[in-house]
Structures are given as C-alpha cells and as structure tokens.
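For reference, the structure discussed in these notes is given below.
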Amino acid sequence: MQKTKEQSDNSQAEAKQAQEEKIKRHLRLLEAALYVAGRPLTINELCSVLSTRSKNKTKKYTKALIREYSTRNTALEILELKDERYVLQLKADFTPLVRKLVNRPLLSSGPLKTLSYIAYRQPISQKRVIQARGQHAYGHVKLLRDMGLVAAEHAGRSMTLRTTDYFADYFGLTHDTSTMKRELKRIFGEAMKV
Amino acid sequence: MQKTKEQSDNSQAEAKQAQEEKIKRHLRLLEAALYVAGRPLTINELCSVLSTRSKNKTKKYTKALIREYSTRNTALEILELKDERYVLQLKADFTPLVRKLVNRPLLSSGPLKTLSYIAYRQPISQKRVIQARGQHAYGHVKLLRDMGLVAAEHAGRSMTLRTTDYFADYFGLTHDTSTMKRELKRIFGEAMKV
Amino acid sequence: MSTATRKPFYLRPPWNILFEINKLEKLTPWNVNISYLLRSFLSEMERTGKVDFRASGVALDSSALIYLMKSKLLLTLQEPPAPPKPPPDFIPPPLFLPLRHELTSTTIEHLLSVLDEVLKGEKLHRIDKVVSQPVLPAASDILPQFDAFLAELDLQMEKLYKLLREKVKGAGIIEFSTLIKGIDRIEAVNKFILLLFLAQDGKVSLWQNEETEELYIAVGKLNVAKDERTI
C-alpha cells in the first residue's frame, strides 16, 4: 500500500513537472514569435505558433506572458491591442534614449516610393502601379508583398494591390483603408503646406 | 548618538537603494539599446547609451545583463562577440518555429550558400562564384548586394566580391577579413561534422 | 540482260566503297583496307581486260580521301589527354541568419515626402488621363443641334420610305444592291443606316441571304422563312 502511494505521488509529481515544462515552452514560443515579428500578432497567428486551435488556451498563455513581463524589471512590454492582437515593444520612455542607434531604413527609396503610391491610390491594379512607377516596380511589389506591407488579390488576369494591417501598424495609421486614405491625404496635405 | 546611528543607517540604506536603482536603470538602458539596434553594438556605442566614458563600467553592466538573460527562462539571448561587441537575438533553436512571422526578406538556402561561398573565398571574382555555384548565382549576387551583405568592386570588366561590415555584424563575426575567414572555417567545420 | 547495260564490276562490293562517296563518309576509315581494295581492283580490271582510266582516277581519289581520314584519326589519338577536371571547389554550408528584431528608421514623414515625388511623376506617366480625353471632337462640333438632327433624320427616313414604297410595287421586295446601284459609298452607308432606323420603327423588314449575303428589303412586316435571318 505504502509503495503504491509512493508510486502515485511520483507519477503525480512527474505529470506536474511535465505540465510546467509545457507551460514554460509555450510562453517561450509566444515570446519568440512576438520578438521576431516586431509587430502586433493576431490571436490566430499566436495559435498557429502554439500549434493549437484553442484561442482560449492561447489567450491564457499570452496573458501569463504579459504578467511575466510586467512583474519583471525590463525595458520591454507586451500589450494587448484591439481585436485580440498582441505586441512586444520597447517601453515608450526608453525610445528617445536609444533612438540614435536606429539607423536602418525599412525600405530603400525606390520600393518606399512604390509603397507610398500604393497606399495613396489603393485599391489599385498592379498594371497602374507599373504605368506610374516603371518596370522596376514589379520587383518593388514583390518585395513589399514578401515583407507583408502590401497584399495582392487576383481578379482574373489582373492583380489588385492594397496595404496590409502591418503597414498601418508600422506607420501608426488606422486599419480601415478608406479612413486611412483620408488620413494620408490630410497628413499629406498638411505636409505639402509646410 | 542613537539618533545619529539611525540617521546614518537610513542614509546608507537610501544610498544603497539609489545605487540599486541606478544599476537597474543602466541594465534597462542597455537592454533597450540592444533591442532596438538588432545588430551587435560596440562597447563605445553602449558607453554612449549609459552616458559614460568608462568602458570597464559599461562592460560590467553588460555582463550583468548577460547573466540576467542566461539565468532567466527566455527565448532571447545576449552574446558577447569578438572586438567587445554585444548582440541580443533569438536563441537559434526557436528560429525554425517562428521564421514564418519575420517580415523581412530572409534568404533561402540557395542565396545563403552563395553568401557562405563568397565569405569563405573573399575577395573573389564574380566569375569564379558563377563557376562554382552555377548561372543562378547571378541572381543571388544581385540579391546579396541589394541586401547590403556583399559589396562589389569593379576592376576593368571583372567584378570582385567581398562581404560587408553589415554582414560581419549580422553573423557576429569580426570585421577583419582574414580573422573572419578563420572564424568561418571553424563554423563550417563544425557544421560539416553534424 | 545485255552486256552493254550490265553494271561495271567496280560498282559491286567491295569496290563500290571507292565509288560511292556518301557511303564512304559513314564508314569507320580503319575498317577499310585500301591496299586490298586497290590490288583487287587492278587485278579485276586486268582479268576482264576492260581498262577504264576514269574509274582508276576515282578509285585513287577515294583511296587518298580514306587515307586522309585515317591520318586525321591518328592525329586525334595523339593529342594529349584532357587534363583531369579540378575537383569542385568546397562549397560551405549555408550560413543561417540569426533572427533579431530591429527597429527601422522609416517614418510616416519619409513615406509622405517620397509620395510628393511619386505623384509628380504620376502626372507624366498617367495614361488613363490621356485615354479619358475625347479622341473625337465633341458631338456638338460635328453634329447640328440635337433636335435639328432628329428632325433631319425623320425627314430623310420619310424620303427613303417613300422611295421604297414606289420601288417595291409589284414585287413586294427589293434587294439592297438594287437600291444603292449607281450611288456613291457614303450615300450607300447613309441609306443603310436609315434602313436600320426604319426597321426599328417596324416600317420595313430586312433579312439577309446567308450565302449570297444579299440584303432584302420589304415594306411593312413580313413573315420570313426560318432559315433566313432577319435583322
């Protein structure tokens, strides 16, 4: 009897340890995903990182990670955004202190021009982008799609381009395209007055 | 007398607390710097973040941060590289699990092989690279140059290729070509053993 | 078979090789024994007593050619063997890039500053603007006032209808080719368009013979056979 109890205790302890290991592993996976993405990730993206379909489970883990970060003394923070999206970022008060170390542009000048044009005219056919920006813009569109800044929709033989949520997040714009275009036009108009 | 001792105790405790606060603040500043840079930072760059001229002090803080990261259960690591440079990055075993979330054109295996070859044989003529890697390597060289990993020097009709400082930083290698080649031989030797 | 039409002996094997150059080219020269061929050729000529100097000349020429082919092969054999290919260069394994988050310096201000340039460039390139400009002068420039135009149209339709009614008397129908006989092309097109308007109003019926492509015009509604097409 004694032995059986001991065995049962052992296996319980083992199961508990395995469970703890699993939790730790999940937290680290979420941390890895948020770190390399450098942008807000949707709950679905986080589910796919944990190879689970359960949004609830993923949310539970993400909230545990948020708590871990907030109790730890660190320059980084994890925030929950609207629409069940989560982001790992530098705490705002550190930004001015380390800004001088940021010197790599997101894109070189050519692709950036093509991106600005797509954002301003979206939704726009790839054909019109090429007409306005020249043949080399094919390469730009490919790069912008690879970087997740622009999404393409095939309609027969033509392709319609628009900016993605990642684009909006990066430049701090709203996700809704038509509002974004108004925002862009307004900011652009103000910039032109200067 | 009693009062004086108390006062002294108090002020000691305060001083100690202030010192601890300062240490914490320095660690967080270094963490913030390494996080936003996404590349190895030199000890001089880190000194400027802490607004100090003392390399020793900065090194001490950086090593404390490295220890903090290694004892903490995290997906990230801080490494000390040659030439007193430090980098924050994802632990390599998480790479395959979150690679798909990276919004940067990452290199596929073909261009990476061409890059390895150029790094290993540099300075090397483009012609020899094509001989060794095949016609498709023209595209690889263009991509690597576009990404700033490889630089080309025209010498008459031929073109000499070598890796850039950005390349060295990316892989945590030293900037000096001959030392870097020795480092690479060691890395490749280890990779070949696996 | 008469002697006169019989083939000369040298066109038979084995000597035919010497007289059929195209076969010669397909042979491996080392398989041809020139000495044997020439000796037997001579002795056969002697035996038959029919000496043909042209045949001897051709045999000599072919032998020289075979000899040349043999020499060329020998020279190829004597060429030094190709140096062994150098072993392929060591291709190191791919260097996998460590993943690091990196803040980038591009801001919305950068995006907007390049947008200005792009929009200026767009004005130079925009094809849709060019296309949207009317290719033809506005209708008002070439057509009289709309009401006047319609009145004129009615008048012309009325004239044509009158003409048709006169022409179809008796037969009931008239061919389009008869209607436009002797008038110029523009006038013919004009008549055709007016016919379409009349048909639309139900004043005439039109149909076309698919084979002859002749267009028939009947005044008023008409029942036509199913295999003919009305317009």
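Order of the sequence lines fixes the chain letters, A, B, ..., with proteins taken first and strands second; residue numbering starts at 1 for each chain.
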For a quick check under 3.5 Å, do C/Thr107 and C/His110 share a side-chain donor-acceptor pair by atom type? yes
What I want to check is whether the side chains of A/Thr42 and A/Arg85 have a donor and an acceptor closer together than 3.5 Å. no
What's the shortest heavy-atom distance between A/Leu106 and A/Met147, and which atoms? O-CE, 3.7 Å
Can you give me the closest heavy-atom contact between A/Tyr69 and A/Ile78, atom names plus distance? CD1-CD1, 3.6 Å
Treating A/Arg133 as the side-chain partner and A/Gly110 as the backbone partner, does any N or O pair qualify as donor plus acceptor under 3.5 Å? yes
Listed by residue number, which members of residues 158-177 of chain A have a heavy atom under 4.5 Å from any heavy atom of chain C? A/Phe167, A/Tyr170, A/Phe171, A/Leu173
Residues of residues 17-30 of chain A under 4.5 Å from chain C (heavy atom pairs)? none
Is the distance between the ring centroids of C/Tyr216 and C/Phe176 under 6.0 Å? no
With only heavy atoms counted, which part of A/Val102 is less than 4.5 Å from chain C, the side chain, the backbone, both or neither? both
Could you check whether any side-chain N or O of A/Lys113 sits under 3.5 Å from a backbone N or O of A/Ser108, counting only pairs where one atom can act as donor and the other as acceptor? no
Do side-chain atoms of A/Gln122 reach the backbone of A/Ala119 as a donor and acceptor pair under 3.5 angstrom? yes
For A/Lys60, does the NZ atom have more than 12 heavy-atom neighbours from other residues, nucleotides or ligands under 6.0 Å away? no
Measure A/Tyr120 against the heavy atoms of chain C and call it side chain, backbone, both or neither at under 4.5 Å. side chain
More than 12 foreign heavy atoms under 6.0 Å from CZ of C/Arg165: is that the case here? no
